[in-house]
There are 4 protein chains.
Amino acid sequence: MSKDDRIAVILRTARELIREKGFENFLPLEVAQKSGISEGMVYKYFKSKRELMERVAEDWFEEFLNEAPLPAQDLPLRDQLFQVIWSSLMSIKREPALTRFVLMELRADPNYRNLPTYRQSRRFAKSVVDVIEQGIQRGLIREDLNRKLVRDMIFGAIEHATWAFLRGEDEEFSVDVTARGITDMILDGISTQKPLTTEMIERLEHMVSQLASELHGVRMGPPAD
Amino acid sequence: MSKDDRIAVILRTARELIREKGFENFLPLEVAQKSGISEGMVYKYFKSKRELMERVAEDWFEEFLNEAPLPAQDLPLRDQLFQVIWSSLMSIKREPALTRFVLMELRADPNYRNLPTYRQSRRFAKSVVDVIEQGIQRGLIREDLNRKLVRDMIFGAIEHATWAFLRGEDEEFSVDVTARGITDMILDGISTQKPLTTEMIERLEHMVSQLASELHGVRMGPPAD
Amino acid sequence: MSKDDRIAVILRTARELIREKGFENFLPLEVAQKSGISEGMVYKYFKSKRELMERVAEDWFEEFLNEAPLPAQDLPLRDQLFQVIWSSLMSIKREPALTRFVLMELRADPNYRNLPTYRQSRRFAKSVVDVIEQGIQRGLIREDLNRKLVRDMIFGAIEHATWAFLRGEDEEFSVDVTARGITDMILDGISTQKPLTTEMIERLEHMVSQLASELHGVRMGPPAD
Amino acid sequence: MSKDDRIAVILRTARELIREKGFENFLPLEVAQKSGISEGMVYKYFKSKRELMERVAEDWFEEFLNEAPLPAQDLPLRDQLFQVIWSSLMSIKREPALTRFVLMELRADPNYRNLPTYRQSRRFAKSVVDVIEQGIQRGLIREDLNRKLVRDMIFGAIEHATWAFLRGEDEEFSVDVTARGITDMILDGISTQKPLTTEMIERLEHMVSQLASELHGVRMGPPAD
DNA sequence: TATGAATGAGCATTCATTCAT
DNA sequence: AATGAATGAATGCTCATTCAT
């Protein structure tokens, strides 16, 4: 078996083990046994247990990035955002144990910013930010937003929904419903109609009133409810 | 030293150690030494290392809940929400290591729902949900919202912002700015103005058209559909 | 509460705890708590945990010796032996945990021969040996027996039956049946009745019959019962 | 050193340590040191201290069972029984500490019946029971015996004799004498010749005397020895 | 006399990593 | 290249006993 095949087998086995037992119980010895090789070989190809785990996470993330291509720019904004959030939730639902590893272990690593996973995470985050920027350029999204915060909110919502799923709180966890909810809330907020609109209307009403008074010498009030 | 004082000392020391070294490196022996007592004493008052850590988290959460009283119901909705988010971020900024412990260890515990921390977390979540409900009743927030999702989004945003801070990504992390940003985004969403307003504007346009036609004998208006 | 009362309470509590949890899990702290006194008091009256446990065993043994008086010497031998064995099994059945303590811990102690329990054990063993001796004197038991071995066999049988009971193997463990079985086997052995004896008698009977017939012309049968 | 050799060394060392210090003071660390290996190696081949000790007991028992082959069926019953009892006592005399471990620790284990030692113990017990059954079939042993009780008595006698030896009470402990004594007592019981027989003979003597006196006018006494 | 806080030695077990073969 | 035996530091937890108050 070639070196690359060997590595592929180890990575696949390791991913299975993480999926089955959780990353806290992941043992290099088991990877070797399940791969039909010796422990020494695992350490030949991966400097340490940690490196192996990081590579597993990296591969998984890479797959995700490839499977979830950038949303087509000619789609409506809402659809683009939905697609990005939906892919993310879907991927998490498929590999909850790996998700936990990335969220809990890698992200807490002081060295996180030098890890490939960090860059991957940035790539994905960028695809979200790109959608936002596009929305801004099209005039559909407010310009005055803190981009970082928008990104945090989107991912925050995704992750928080994920935790509930990982803890088994939401047995009926539906990727579609959750993704739709997050998308709408991000775009529309939770308020009912906007006060600014009213103000503008009031201003218009004022103008109309003035016109009317010029015409008839009579001051019109706002339309009765 | 009285039993209660002893317990207090242990808890304080333990909290310091978690703060300094992170919960992964927390050793009961060190707690004892730093408290000037024997390891056995720690185990006299706390059945296990885990229980001690949970108590530290619990006390911290309790302090937070006491320090962050329910927002006054007569405040504007936006201020109430801001206050809740601000307290949360503030508390996290003060004890990042404990936050990590709660978010990563406790929340991932299969038994999480039976822990005091879970109930505390619910209490806090409830205070947020209460604000939302009140907004709905006042007609300021849409009725058709998935409450759980709103809650997830708010906490998700808070936590995600927290992670960036914990990782030292945002050195200039400002509780005020972040809380303000989250609050506004939750309430208003990120979109520009709302199409529904159009109806009202159409009515106005109609009024203006009539006025204008009276003035000039010409019908202005939007193009007929 | 007087000193003696105190001691009595401690001993009673200790016995209950040994009964409930087994002697391996016996904790002085629990004795104190259950007795409503402090741990220090336990150590005031008993030099060590071991001494306390030995005293519990001693008291129990003493009770047994008092409750199981010497078998009346005018009873048939078999009844005396049965009584002794029966009392022993009965006492064991009542306090299995204490029995285990004596059999496993005390008896294995290098210092066992200096313990009160040893002397008590000897007292009880003597009562058995006395029955045997009496049997010998009455001509009912062979003289050439190794007394020590007889004693070992009797107690061995009792203890082995006990172990099965302690392990829960014989749920239907009946003191009566077991005591009866042991008694009979000890007295009679397991061999069938000696064929030679009967044969000889028959031969003699045959000879006598012939003599009689020669004398009287009449055939005598065996004597009517 | 091969895996099997290593295991053998560990088992041998462990057995020595148990022999020297008793099973209560048995430390895995010491096994490793005395075997010239690290503690980790002990745990590589044996999941736990307990498992190691059980394996030591198991091997010892297996050796015993191999060294003490089934008694030849054509031997007299008494010789077969003697042989079985003798082997048992001999093995115990060689490894008193292991005997204590089996009798006290293993046999008290709630899981005892699932241990290999239990099955070994059954195998040996069966060889005894087989001898008994054979005796019954040959008409040499009473049919109406409670087999379980016979077995208990034999082993009880063996074990009780063992205990005395283990405690050093019988310094002159002789396997031959003890085995002989137990065998005889089991087979013959402790009673003198059966009184009924004597009685019958006396009656016969009486009849014979009468006949004789009728014949010769002379009173006959009991037959001279 | 009574308390109960305090001690601290003692021990089983794990597992990432190395390296002789 | 490949093996897998070997390492050994690290650590949570127990509990009989003491002694200051």
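When reading the values below, keep in mind they use all heavy atoms of this one structure, side chains included, and skip hydrogens, waters and symmetry mates. In what follows, chains carry the letters A, B, and so on, assigned in the order in which the sequence lines appear, proteins first and then strands, with residues in each chain numbered from 1. Since this is a predicted model, take the numbers as computed values, not measurements.
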Ignoring backbone atoms, establish whether [X] has a side-chain N or O less than 4.0 Å from OP1 or OP2 of [N].
X     : N      : answer
D:Y43 : E:dT13 : yes
A:R6  : F:dA2  : yes
D:S38 : F:dT7  : yes
B:K49 : F:dT11 : no

For [X], which contact category applies under a 4.0 Å heavy-atom criterion: base, sugar-phosphate, or nothing?
X     : answer
C:L29 : nothing
D:F26 : sugar-phosphate
A:F46 : nothing

query: Just how far is it from atom CD of A:E105 to atom CD of A:E54, taken to the nearest 0.5 Å?
result: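 Taking CD in A:E105 and CD in A:E54, the distance rounds to 9.5 Å.
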
message: What I'd like to find out is whether the side chain of B:L11 reaches to under 4.5 Å of the side chain of B:L52, using heavy atoms alone.
response: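 B:L11 vs B:L52: side chains touch.
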
Passing candidate, side chain to side chain contact (heavy atoms under 4.5 Å, CB included) with A:F101, options A:T117, A:V56, A:L106: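 Running side chain to side chain contact (heavy atoms under 4.5 Å, CB included) over A:T117, A:V56, A:L106 with A:F101 returns exactly one hit, A:L106.
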
For [X] and [N], what is the distance between atoms [atom1] and [atom2] respectively, to the nearest whole Å?
X     : N      : atom1 : atom2 : answer
B:K44 : F:dG12 : NZ    : C1'   : 19 Å
C:M53 : F:dC15 : CE    : C1'   : 13 Å
C:K34 : E:dG4  : NZ    : C1'   : 20 Å
A:I10 : F:dA2  : CD1   : C1'   : 12 Å
C:Q33 : F:dA16 : CD    : P     : 13 Å
A:E24 : E:dA16 : CD    : P     : 13 Å
B:L27 : E:dG8  : CG    : C1'   : 17 Å
A:K21 : E:dT14 : NZ    : P     : 13 Å

N/O donor-acceptor pair under 3.5 Å between [X] side chain and [Y] backbone:
X      : Y     : result
A:E30  : A:L17 : no
B:Q120 : B:E58 : yes
D:K49  : D:F26 : yes

message: Holding to side-chain contact (heavy atoms from CB on, under 4.5 Å), I want the full list of residues that pass it with D:E24, two or more places apart in sequence or in another chain.
response: D:R100

- prompt: Looking at the side chain of D:M41, which of E:dT17, E:dA2, F:dA6 is the nearest nucleotide?
  reply: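 Of the options given, the side chain of D:M41 lies nearest F:dA6.
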
- request: Take B:Y45 and C:Y45, find for each the nucleotide of DNA chain E with the closest heavy atom, and name the residue whose nucleotide sits nearer the 5' end.
  value: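 Per heavy-atom nearest nucleotide, the more 5' residue is C:Y45.
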
message: Heavy-atom nearest nucleotide on DNA chain E for D:P28 versus C:I37: which residue maps closer to 5'?
response: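 Nearest nucleotide further toward 5': that of C:I37.
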
- prompt: So how far off straight is the helix from E:dA2-F:dT21 to E:dT21-F:dA2, going by the axes through five pairs at either end, to 10°?
  reply: 10°

NZ/NE/NH1/NH2 to OD/OE distance under 4.0 Å, C:E159 and C:R107: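 The answer is yes: the pair qualifies as a salt bridge.
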
- prompt: Between D:G36 and C:E39, which is nearer to the 5' end of DNA chain F once each is assigned its nearest nucleotide?
  reply: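 It is D:G36, whose closest nucleotide lies nearer the 5' terminus.
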
- request: Take B:K47 and C:R50, find for each the nucleotide of DNA chain F with the closest heavy atom, and name the residue whose nucleotide sits nearer the 5' end.
  value: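 It is B:K47, whose closest nucleotide lies nearer the 5' terminus.
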
